[in-house]
Amino acid sequence: MLTRLPGFLRAIVRNRRRQFDWPRFLTYTVTFGCNARCIMCDSWKMPNKDDLTLDEIARIFGQLPRMDAVRLTGGEPFARRDMVELAKLVDEKLRPLSLHVTTNGFLTERIVEFCEQRPKRTTLDLLVSIDGVGEKHNTIRGHSRAYDLCLETIKALAPRRRELKLRIAVNQTIVDAEGADQYKQLREVLRPFGIHNQIVMAYDVSATYNLQTDVDVAPREAGRFTTFGQFTPVQIRELLDEVERDINQYSWGQRLAKRYYLRGIRNRLLHELGSPNPKCVALTSHLRLFPNGDVPTCQFNSRVVGNLREQSFADIWNSQQANTQRDWVRRCAGCWAECEVLPSAIYTGDLFQLCVR
């Protein structure tokens, strides 16, 4: 089975066989600051005056093990002006097999500069958030030029993907019942650029993007998923069926990951398929880092186990607080946020079981 996997996934599996005690996937929220005002997110309302400095990041990264994948997100990560230097630290200290950056795409010049100047040892996966066409996207993102700015970024980078060692995809967050129609419209806009729009169903609440701290909003029962917007079963089925047909055009690894995610969404919202629910790897294989150095439990539990600005990584990782939260993770019924689910599916091997289901 291992020989059939793409190189990146094959390397992850091998690394996990060698070392089980340390995290291998880092999600670093580099800032909560954001230049959008999204209707489904409170990040832009959160304090953002205490972000780690580059010197602090270098010291922290120097304590971490080598990572298989690093995801830089926000807020809007390019609200930081030092993203090129930050990427150099990721490359030098963590040596990931894959670097992912999620952006709202507004700051075109800064994003292009980042793609040009970052280390190019590994391919960059740039995920641009576009939730609909024209005013639909502007309304969701709370910015009158959101859509135009995103397209400027895509037009600037799409022709240069090979030169810049870059992969681009669009993350389309589905916030309401117009999602199916908007998905098809956006697909046609992106088709000339050779870019896919991949959907993410907006959930109703997050602990990470929450004005309160130490929040636990994880599902209380297996299979529970509450959407941000209201949908009928027909609307959900129409959208998922359309997306499933398009996934056939994706690469092998992308098809596997997206089908896994959509299988879980379909089961939770339509109860049509058996429900994947992998053992969670939060605070084991998956490490999250907040802008101020806090190490939270996961996307849906912001209980902090330590602060890397103030404590060493080894002290935090082996602490009683971390072990207490790992016990919580083991008891958790299971969420279905893609950014939590896919690391868990990969590192437990559950993702690869989809091949034989």
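Distance check, rounded to the nearest 0.5 Å: CZ of R81 to CG of L86 gives 15.5 Å. Of the inter-residue distances, the one linking S206 atom OG with D204 atom CG reads 10.0 Å to the nearest 0.5 angstrom. L287 contributes atom CG, which lies 11.5 Å from atom OH of Y28 (distance to the nearest 0.5 angstrom).
A distance of 6.0 Å or more separates the ring centres of F106 and F78. Aromatic ring centres of H286 and Y347 lie farther apart than the 6.0 Å criterion allows.
At least one test fails for R266 against the ring of W336: distance under 6.0 Å to the centre or angle within 45° of the axis.
Remark: R303 does not engage D294 in a salt bridge, criterion side-chain N to carboxylate O under 4.0 Å. Comment: R263 does not engage E244 in a salt bridge, judged by the lack of any side-chain N to carboxylate O separation of less than 4.0 angstrom. Here R118 does not pair with D91 in a salt bridge; the nearest charged N to carboxylate O distance is not below 4.0 Å. A salt bridge does not link R245 to D241: none of the charged nitrogens lies less than 4.0 Å from a carboxylate oxygen. By the 4.0 Å N-to-carboxylate-O rule, D246 lies close enough to R187 to be salt-bridged with it. Electrostatic pairing of R121 and E92 does not count as a salt bridge here, judged by no charged N lying under 4.0 Å from a carboxylate O.
Between E163 and the choices R161, R160, K165, the side chain to side chain donor-acceptor pair (under 3.5 Å) rule is met once, by R160.
Listed for the R37 side chain is a donor-acceptor partner under 3.5 Å among the backbone atoms of C34. Counting only distance, with no hydrogens or angles, the side chain of T123 and the backbone of L166 share no donor-acceptor pair below 3.5 Å. No side-chain donor-acceptor contact under 3.5 Å links T31 to the backbone of R80.
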